[in-house]
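Data first, discussion second: the structure below is written as structure tokens.
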Amino acid sequence: QKEVEQNSGPLSVPEGAIASLNCTYSDRGSQSFFWYRQYSGKSPELIMFIYSNGDKEDGRFTAQLNKASQYVSLLIRDSQPSDSATYLCAVNKTRGNEKLTFGTGTRLTIIP
Amino acid sequence: GAVVSQHPSRVICKSGTSVKIECRSLDFQATTMFWYRQFPKQSLMLMATSNEGSKATYEQGVEKDKFLINHASLTLSTLTVTSAHPEDSSFYICSASPGLTGSPLHFGNGTRLTVT
């Protein structure tokens with residue numbers, strides 16, 4: 001079992017709709033969870049991070065964490081073509097800045 | 001916000017030569033930086049943790065004599081790919097954090113290495 005699992009996609013969503021990206025992790029002791037967006041040929045950029053169970057909202061983005069189910073998701077509301085990218089889920093065993101374990105990413109395409 | 005600069009962004013070298021990649025934290029000090037490698041359509045794989053003033057910690061399967069890491073100051077870490085081979089061609093990305101509790105990692109822009 002991979003430490004961090006994501007559906008590779010591609011996931012196609014119409015413009016204006018909600019895109020839902022999912023991630024599961026194997027280490028129940030994981031403490032911090034991150035979503036990065038990566039455009040082709042570019043390095044990842046941080047979208048959101050979450051530490052506690054529940055939802056965390058930032059603009060059009062909402063991160064959801066369920067530690068009991070070892071599940072973290074990212075919702076993108078009012079999807080825009082510029083949201084088309086690969087979204088990487090990353091997990092850390094602590095709340096510090098130690099090394100992250102990344103999933104393989106989900107490729108999202110927003111259809112105009 | 002935290003900015004991490006990486007140079008060069010793209011390099012082509014001949015097999016057998018060495019290539020140095022620099023990673024700088026521009027507006028914060030980083031006692032720890034991380035070096036990742038990403039092959040096409042694959043995820044980021046951590047290669048090593050660069051520690052200021054001490055030896056780097058390498059992940060299993062990463063040759064420390066091939067990928068030399070130097071973290072000589074609180075704002076600069078370098079990765080040198082020695083005796084590069086075509087299979088070393090990849091996207092190398094460094095990352096760092098301001099080190100405050102809970103502060104996430106920020107990534108440099110990456111270096112695309114092509115070994116011919």
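Per chain, numbering begins at 1; letters A, B, ... match sequence-line order.
Ranking E59(B), Q42(B), Q6(B) against chain A, the residue ahead of the rest is E59(B), based on heavy-atom pairs under 4.5 Å.
Residues meeting the salt bridge (charged side-chain N to carboxylate O under 4.0 Å, His left out) test with E57(A), sequence neighbours left out: R77(A).
Through direct or relayed side-chain contacts under 4.5 Å between Ile, Leu, Val, Met, Phe, Trp and Tyr, L74(B) connects to no other residue.
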Trace of the ring-ring contact (aromatic ring centres under 6.0 Å, His included) decision for Y36(A) with F102(A): CA-CA 10 Å; Y36(A) 286 84; F102(A) 283 85; 5.8 Å; yes
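Proximity to chain B is limited to the side chain of Q38(A), based on heavy atoms less than 4.5 angstrom apart. If you measure heavy-atom distances from L44(B) to chain A, the contacts under 4.5 Å come from both the backbone and the side chain. Only the side chain of Q38(B) has a heavy atom closer than 4.5 Å to any heavy atom of chain A.
Remark: of the listed residues Y92(B), F67(B), F107(B), F91(B), F107(B) is the sole one forming a ring-ring contact (aromatic ring centres under 6.0 Å, His included) with Y36(B).
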